[in-house]
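The structure appears below as structure tokens.
All ligand and atom numbering here is 1-based and tracks the order in the structure. Any value given below was found using the heavy atoms of this structure, including those in side chains, with hydrogens, waters and symmetry copies removed.
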Amino acid sequence: MNDLNTSAPITVAHGDGIGPEIMRASLAILDAAGARLAIENIEIGEAVYRRGFSSGIEPSAWDSLRRTRTFYKAPITTPQGGGFKSLNVTIRKTLGLYANVRPVAAYAPFVATRHPKMDLVIVRENEEDLYAGIEHRQTDEVFQCLKLITRPGCERIVRYAFEYARANGRRKVSCFTKDNIMKLTDGLFHKVFDEIGAEYSDLEQEHRIVDIGAAQLADTPEVFDVLVMPNLYGDILSDVAAQIAGSVGLAGSANIGDRVSMFEAIHGSAPLLAGQDRANPSGLLLAGVMMLNHLGQSSVAERVHNAWLATLEAGIHTDDVWQDGSSHARVGTGDFAQAVIARLGQVPQSLPAVRYSANQPLELPAVTRRPPARKATVGVDLFVQWNGGPDDLAGRLKTLEDGPLALKMITNRGVKVWPDGMPETFCTDHWRCRFMNGGGPVALTDIVALSSRAALAGIDFIKTEHLCTFDGEPGFSLGQGQ
Ligand code: NAD
């Protein structure tokens, strides 16, 4: 936050493709509206990748981000081929940008959409889930990606969603997960949603399984208000939402962290449009509006947003939202920006005007860590590469039983195949072999001894996963068919 006369330091990256043109247009509008910004420029993207920095950012650029703590970023082009890491994922994880906030609204009848009443905000968890990037090839046939969901991660994003809803006059928060299948990981997200939701009885709240929730979002988006969900579902559904609202070119997003926040359009660098003065700068501009609110310059944010709505209403449209019959002037990026600048101070006549003046940046309490649970190790899953059948494997594994650990079951892709497997079950070369002590405690040395006997017997095990209870609750899934 800054007072009325001080400029807020921000870091700006002009990006690749259409990035430089839409950033120029957006900054011109923000400047004309009276935004007080002290800009530090950094270079990111294709040229930096080509200079050998595999994340697309040079080490010195991090100093600027740490100094200004606010990043206004144009889209970049990620070079094709191996060895290049996603700059966005690197920035989000390195700077702890845990909340990805994507408002999506329809602007009917000025922008064509089948969902004229749509007006929602997707709050996507931004650091965890399958995006941890922990992948392994384990056998000839099987590849694994670890899905990590943490209690502090769930608590932060869920509380952010409720606080956001309250601060922005929203009435309902919907949570999407797949906890009927992923009972521990998505189950935790849902559980935390219910726990934290109990503190927000002024807001309507609901949980939906993500598949039917996604279908309803695509069919009747107007029934949703704020949505909160784990990373992957949020990534996919926020693009779906932006597209059905009218254009991916219209949506901006904020990536919020405790220390640094980043503001960008949701779309990419559209290389085929680059350098033609045809791109729509609206997504980046609306990200700029979110940034001004974040910096406490809410009256400037309101001026920009209302002038932009008035421009849309006047039928001054870039190619991507042009409609024969209802649009009046087809303009390029630069002229669109000039049209918005000319309307600064105006409010839209038929679209609802925005009002931001009372907005304050969200102040969230720090996540309180719980005292550790009473943890007991009760067994181990030994994952094995094996090219035979389940009964042969069970016969070999039985010879390893010496001590408290006894073979309890074998699953293949999560389906129980021993004992009492079904001949129809298709089996790969990747087997989960569960050893337990009849529910009793197991020492880590028992697990090491079992692994050691397996190695000596020539069993090709590729990982072990310990089975633990936490305050008496099992911390592991059962095999299907159990
Ligand atoms: P894209 O979003 O760049 O383009 C998808 C489609 O939307 C294209 O038809 C494009 O012309 C159109 N479009 C996008 N933005 C527009 C705008 N402002 N005005 C008018 N039309 C617009 O997605 P893509 O083609 O899959 O990706 C292109 C490059 O962008 C890739 O290198 C990708 O890795 C990168 N990318 C970067 C980011 C980012 O920096 N945040 C995000 C997504 C993709």
Side-chain angles (χ1 to χ4, degrees), residues 11-27 29 42-50 54-57 61 71-93 95 97 100-102 104 107 111-112 124 126 131 231 234-236 238-255 261-288 290-291 308 311-312 316-323 327 330-337 340:
T11 302
V12 168
H14 285 73
D16 300 316
I18 59 172
E21 340 170 14
I22 60 174
M23 181 56 88
R24 224 175 10 254
S26 299
L27 287 175
I29 297 168
I42 61 168
E43 193 188 4
I44 55 167
E46 216 171 3
V48 182
Y49 280 112
R50 302 268 178 234
S54 66
S55 298
I57 181 165
F71 190 17
Y72 194 29
K73 172 181 167 290
I76 60 145
T77 303
T78 314
Q80 299 287 316
F84 301 112
K85 290 192 244 160
S86 159
L87 174 63
N88 263 19
V89 175
T90 303
I91 290 176
R92 285 173 190 158
K93 292 208 287 206
L95 298 177
L97 310 184
N100 188 318
V101 184
R102 292 184 169 193
V104 179
Y107 304 102
V111 177
R124 162 191 169 195
N126 219 13
Y131 292 67
N231 205 340
D235 189 3
I236 296 168
S238 51
D239 273 29
V240 171
Q243 186 69 33
I244 65 173
S247 166
V248 288
L250 292 179
S253 80
N255 293 266
S261 296
M262 173 170 87
F263 301 85
E264 61 177 350
I266 72 158
H267 59 75
S269 60
L272 295 178
L273 281 184
Q276 299 170 40
D277 189 40
R278 285 173 59 205
N280 188 345
S282 299
L284 189 60
L285 180 68
L286 293 183
M290 297 172 89
M291 177 177 73
W308 177 78
T311 309
L312 270 195
I316 300 174
H317 291 165
T318 43
D319 277 348
D320 57 319
V321 291
W322 174 268
Q323 296 177 76
S327 298
R330 193 192 287 262
V331 289
T333 315
D335 285 346
F336 183 82
V340 176

Is there a side-chain contact (heavy atoms from CB on, under 4.5 Å) between L87 and K73 once you walk through the steps?
CA-CA 11 Å; L87 174 63; K73 172 181 167 290; 4.2 Å; yes
Audit row: F71, V12, side-chain contact (heavy atoms from CB on, under 4.5 Å) steps and yes/no:
CA-CA 6 Å; F71 190 17; V12 168; over 6 Å; no
Does the pair S86 and N88 meet the rule for a side chain to side chain donor-acceptor pair (under 3.5 Å), with working shown?
CA-CA 5 Å; S86 159; N88 263 19; 5.9 Å; no
Would N280 and T333 satisfy side-chain contact (heavy atoms from CB on, under 4.5 Å), going step by step from the backbone distance to the final call?
CA-CA 6 Å; N280 188 345; T333 315; over 6 Å; no
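D320 and S247 share a side-chain donor-acceptor pair at under 3.5 Å. Residues N126 and N255 have side chains that bring a donor and an acceptor to within less than 3.5 angstrom of each other. The closest side-chain donor-acceptor pair between D235 and Y131 falls under 3.5 angstrom.
For atom 14 (C) of ligand 1, the nearest protein heavy atom (residue, atom name, distance) is H267 CB, 3.7 Å. Among all protein heavy atoms, the one lying closest to atom 22 (C) of ligand 1 is L273 CD1, 4.0 Å. Protein heavy atom at the shortest distance from atom 18 (N) of ligand 1 is N280 O, 2.9 Å. Summary of contacts: the protein heavy atom closest to atom 12 (C) of ligand 1 is A270 CB, 4.6 Å.
Looking only at distances, a side-chain donor or acceptor of H317 sits under 3.5 Å from a matching main-chain atom of L312. Put simply, the side chain of S55 never gets that close to the backbone of I57: no donor and acceptor are under 3.5 Å apart.
Close approach to N88 involves these atoms of ligand 1, each under 4.0 Å from a residue heavy atom: 41 (N). Taking every heavy atom of A279 and a limit of under 4.0 angstrom, the matching atoms of ligand 1 come to 19 (N). Residue contact check: P75 has heavy atoms under 4.0 Å from atoms 40 (O) of ligand 1. Annotation for ligand 1: atoms under 4.0 Å from non-hydrogen atoms of P271 are 28 (C). Near D320, with a cut-off below 4.0 Å to any heavy atom, the atoms of ligand 1 are 20 (C). The contact set between ligand 1 and K73, taken as ligand atoms under 4.0 Å from a residue heavy atom, comprises 39 (C), 40 (O), 41 (N).
When non-hydrogen atoms are compared, ligand 1 lies under 4.0 Å from neither the backbone nor the side chain of T318.
The structure places OG of S238 at 6.5 Å from CG of N100, a figure rounded to the nearest 0.5 Å. Rounding to the nearest 0.5 Å places CD1 of I42 at 11.5 Å from NE2 of H14.
Protein heavy atoms come within 4.0 Å of atom 43 (C) of ligand 1. Note that atom 9 (O) of ligand 1 has no protein non-hydrogen atoms nearby, at separations under 4.0 angstrom. Proximity of atom 6 (C) of ligand 1 to the protein is not indicated, since no non-hydrogen protein atom lies closer than 4.0 angstrom. Put simply, atom 25 (O) of ligand 1 has no protein non-hydrogen atoms near it, under 4.0 Å away. For atom 20 (C) of ligand 1, a protein heavy-atom neighbour is found at a distance under 4.0 Å.
One option in S269, S247, G268 has a heavy atom closer to atom 29 (C) of ligand 1 than any other, and that option is S269. Looking at I76, T78, I22, T77 and measuring to atom 35 (C) of ligand 1, the nearest heavy atom belongs to I76.
Heavy atoms of G283 come nearer than 4.0 angstrom to ligand 1 in no pair at all.
Evaluation of the side-chain hydrogen bond (donor to acceptor under 3.5 Å, both in side chains) rule for Y49 yields no partner, not counting sequence neighbours.
An N or O contact shorter than 3.5 Å is missing between R278 and ligand 1 by distance.
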